[in-house]
Amino acid sequence: MRRQTIRRAGVVALAMTGLLGIGLPVQANAEQLASSCLSSFCLYEHDNYTGTEQEFLFTSNGCVNAGTLNNKASSMRNPSAGRIQFYNSANCAGSYGYVAAPRSVDSDLTNNGFDNLTSSVKRVNP
Ligand SMILES: [Ca+2]
Ligand SMILES: [Ca+2]
């Protein structure tokens, strides 16, 4: 009787030395990464979330005046689950001129006709 032992010692390693053309441009978004605006709502003095940042900590629906960024806000972040209405007047008087959808951002309010106008914001349910 003959015992046959088959040893499979050689594992063929396929060396993939293909040239992967990874040359995608890397956009530096330092301002975004450094932002503390994670769960509330933030206004920014300039476009692209730059300049003075003002964070609004809404604990319930309601109106808050823009404060130091009165008539200065040029971009916004709304990571919250609420809708944010923008008013040209203080105390959310009159009708709102712009609405931020829940979990939305806008790097430039100019194309919404609301650059440097915001005087108060109100959070409402979506
Ligand atoms: Ca501005
Ligand atoms: Ca205003």
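If you're wondering where the values come from, they're calculated on a predicted model, not measured in any experiment. When a ligand or atom number is given, it counts from 1 through the structure's own listing order.
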Undergrad: To the closest 0.5 Å, what do you measure between CZ (R123) and SG (C92)?
TA: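 Rounded to the nearest 0.5 Å, the CZ-SG separation comes to 13.0 Å.
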Undergrad: Take the Ca ion (ligand 1) as the vertex and measure to OD1 of N116 and O of E45; round to 10°.
TA: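 About 150° at the Ca ion (ligand 1).
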Undergrad: Does any N, O or S atom in N70 come within less than 3.0 Å of the Ca ion (ligand 2)?
TA: no
Undergrad: Any N/O/S atom from Y44 (main chain or side chain) under 3.0 Å of the Ca ion (ligand 1)?
TA: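 Checking the Ca ion (ligand 1) against Y44, no N, O or S atom falls under 3.0 Å.
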Undergrad: Taking all non-hydrogen atoms of both residues into account, name the closest pair between M76 and A100 and its distance.
TA: CE-CB, 3.5 Å
Undergrad: Students often mix this up, so state it plainly: with edges at 30° and 60°, are the rings of Y44 and Y49 parallel, tilted or perpendicular?
TA: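 Answer is perpendicular, since the angle exceeds 60°.
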Undergrad: Mind checking whether Y98 and F86 have parallel, tilted or perpendicular rings, split at 30° and 60°?
TA: perpendicular
Undergrad: Write down the atom of A90, the atom of S119, and the distance for their closest heavy-atom approach.
TA: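 The pair with the smallest heavy-atom distance is N-CB, 3.8 Å.
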Undergrad: Just wondering, is there an N, O or S atom on S119 that's nearer than 3.0 Å to the Ca ion (ligand 2)?
TA: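 Checking the Ca ion (ligand 2) against S119, an N, O or S atom does fall under 3.0 Å.
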Undergrad: Rounded to the nearest 10 degrees, what's the angle O of L117 makes with O of N88 at the Ca ion (ligand 2)? Could you check?
TA: 100°
Undergrad: Please examine the side chains of S75 and D108, heavy atoms only from C-beta on, and report whether any two atoms are closer than 4.5 Å.
TA: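 No. Closest side-chain heavy atoms not under 4.5 Å.
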Undergrad: Does D115 put an N, O or S atom under 3.0 Å from the Ca ion (ligand 1)?
TA: no
Undergrad: Taking 3.0 Å as the cut-off, does an N/O/S atom of G51 lie below it from the Ca ion (ligand 1)?
TA: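 Here the distance criterion (N, O or S atom, under 3.0 Å) is not met by G51, so no.
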